[in-house]
Peer 1: 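Take this structure first; my questions come after.
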Amino acid sequence: MLNTTDILETIRMISDENLDVRTVTMGISLLDCVDEDPHRCCEKIYQKITTKAARLVSEAEAVSAAYGIPIVNKRISVTPIAMVLAGCKNPDPVEFAKTLDKAAKAVGVNFVGGFSALVQKGFSAGDRLLIESIPEALAQTDIVCSSVNVGSTKAGINMDAVALMGKVVRRAAEITADRNCIGPAKLVVFCNAPEDNPFMAGAFHGPGEPDCEIHVGVSGPGAVRAALAKNSQGMRIDQVAELVKRTAFKITRMGQLVGQLMSERLGVPFGIVDLSLAPTPAIGDSVANVLEEMGLERCGCCGTTAALALLNDAVKKGGVMASNTVGGLSGAFIPVSEDAGMIAAAECGALRIEKLEAMTAVCSVGIDMVVVPGDTPADVISGLIADEAAIGMVNSKTTAVRVIPAIGHSRGERLDFGGLLGYGPIMEISTYSPAGFIGRGGRIPSPMQALKN
């Protein structure tokens with residue numbers, strides 16, 4: 001139980017240190033909407049989303065007002081649409097994306113995720129059709145997010161999908177070049193994608209999940225940084241880890257409370273609390289600044305990976321003690337454009353893509369919201385995806401790539417996406433070609449770590 005001092009400290013975190021519930025996400029299964037007629041299928045999808053999520057926003061706002069807890073985003077995740085397409089005759093995936101966009105806007109949420117495909121071991125009915133439509137779907141919708149899982153520890157890496165996704169990312173940037181290439185900012189390529197992730201752009205409602213449930217994603221890098229600034233002077237490394245762990249416990253308890261309240265109010269099961277430290281472009285709400293508070297001159301210098309490993313582990317340990325339903329990604333996010341400290345580190349040259357890749361071996365996700373020069377070839381993007389997928393596969397963890405080719409721009413410039421997506425300095429990337437390797441196709445076999453039975 002939390003004592004009075006802990007409660008008052010949590011209130012202070014909310015008022016002074018940017019602590020918030022980053023998202024309440026409702027997962028909705030669309031498996032019962034499958035229909036041979038794609039138009040009827042879309043009608044069923046619209047009806048189910050607008051029925052199930054009709055009170056999501058109003059109830060979240062009521063909880064926020066009653067308890068004084070900021071709930072920044074309300075979102076929906078759905079069954080991977082490629083699975084739904086498989087049951088339709090001659091479907092147009094873009095129409096399904098438009099249906100999701102229309103339904104999500106009707107209930108007032110910020111984003112809807114699940115324009116997705118799971119192809120880690122190969123393509124099945126609906127998968128390739130959906131993947132090839134992603135650029136147009138993202139260009140013709142406003143709040144639809146997409147993801148594709150190309151690898152897993154159990155299955156290996158589908159290199160045909162990796163090659164295809166490099167082209168898809170580049171095409172998505174090209175056809176939204178007039179909007180700061182926003183298309184690929186709503187597209188994530190995963191390895192080991194979790195089925196219960198509440199965070200965008202990678203959220204989808206996995207086939208193993210119930211018909212409908214509520215997930216909560218908490219945040220609080222500002223609260224962790226403030227705790228370190230006030231209390232960590234003269235501490236040993238293990239004492240720093242303990243301080244982070246205690247802070248993460250308090251943050252997660254808040255998420256647990258919100259999840260239980262939303263579950264009761266909406267009459268749907270409570271899924272998970274994702275206790276990831278998710279930054280924003282706001283000053284003081286930065287994971288990079290947390291690492292610098294530990295003693296790094298600048299995020300990206302030698303020692304950054306070790307500091308991030310400590311942070312990620314301590315956050316998980318503190319959160320697990322606060323909730324028995326921890327899931328999703330849970331740890332520390334390191335998106336460049338969404339983190340003021342990461343932006344500053346990239347602009348001054350302390351943080352490079354190669355260092356980011358090393359950091360992804362110990363953080364929650366991967367190469368996230370990284371802007372690269374507009375002339376970056378598709379095979380280089382595929383190579384970056386393959387590298388990240390390999391890290392995830394071998395280490396039995398989730399990794400991902402959300403990279404934005406800045407069409408018409410070069411290193412030294414930046415793209416401004418606005419809102420929580422922030423702005424990103426264009427980072428240098430090696431353009432020596434991996435085309436011969438990527439072009440071989442096939443599948444990288446699963447590693448020995450897969451043989452756990």
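These values consider heavy atoms only, across backbone and side chains, with no hydrogens, waters or symmetry-generated copies.
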Peer 1: Who are the salt bridge (charged side-chain N to carboxylate O under 4.0 Å, His left out) partners of R55, not counting sequence neighbours?
Peer 2: E59
Peer 1: What pairs of residues pass the side chain to side chain donor-acceptor pair (under 3.5 Å) test when at least one of them lies in residues 77-98, not counting sequence neighbours?
Peer 2: K98-Q140
Peer 1: Side chains of P207 and M83: does their closest heavy-atom pair fall under 4.5 Å?
Peer 2: yes
Peer 1: Scan for salt bridge (Lys or Arg N to Asp or Glu O under 4.0 Å) pairs involving residues 119-138, sequence neighbours excluded, and state none if there are none.
Peer 2: E136-R171
Peer 1: Per the salt bridge (Lys or Arg N to Asp or Glu O under 4.0 Å) rule, what does the pair list look like for residues 426-438, sequence neighbours excluded?
Peer 2: R352-E428, R411-E428
Peer 1: Output a table of donor-acceptor pairs, distance under 3.5 Å, between side-chain atoms of residues 380-397 and any protein atom two or more places apart or on a different chain; print 'none' if there are none.
Peer 2:
residue	atom	partner	partner atom	Å
S382	OG	V162	O	2.9
S382	OG	A163	O	3.4
S382	OG	G166	N	3.3
S382	OG	A378	O	3.3
E388	OE1	T360	OG1	3.2
E388	OE2	T360	OG1	2.9
N395	ND2	I391	O	2.9
K397	NZ	T360	O	2.9
K397	NZ	C363	O	2.9

Peer 1: For S64, give me all partners under side chain to side chain contact (heavy atoms under 4.5 Å, CB included), at least two apart in sequence or on another chain.
Peer 2: I71
Peer 1: Show me the pairs that pass ring-ring contact (aromatic ring centres under 6.0 Å, His included) and involve residues 187-215, at least two apart or across chains.
Peer 2: F199-F333
Peer 1: Can you name the salt bridge (charged side-chain N to carboxylate O under 4.0 Å, His left out) partners of R75, sequence neighbours left out?
Peer 2: none
Peer 1: Per the salt bridge (Lys or Arg N to Asp or Glu O under 4.0 Å) rule, what does the pair list look like for residues 365-374, sequence neighbours excluded?
Peer 2: D368-R402
Peer 1: Between T25 (side chain) and P198 (backbone), is there a donor-acceptor pair under 3.5 Å?
Peer 2: yes
Peer 1: Can D313 and K245 be counted as an ion pair, charged N to O under 4.0 angstrom?
Peer 2: no
Peer 1: Once side chain to side chain donor-acceptor pair (under 3.5 Å) is applied, what residue pairs with a partner in residues 190-199 remain, sequence neighbours excluded?
Peer 2: T153-N192
Peer 1: Which pairs pass ring-ring contact (aromatic ring centres under 6.0 Å, His included) with one or both residues in residues 404-423, sequence neighbours excluded?
Peer 2: none
Peer 1: Among residues two or more places apart or on two chains, list those pairs meeting ring-ring contact (aromatic ring centres under 6.0 Å, His included) that have a residue in residues 98-125.
Peer 2: none
Peer 1: Regarding N149 and Q120, is there a side-chain donor-to-acceptor distance under 3.5 Å anywhere?
Peer 2: yes
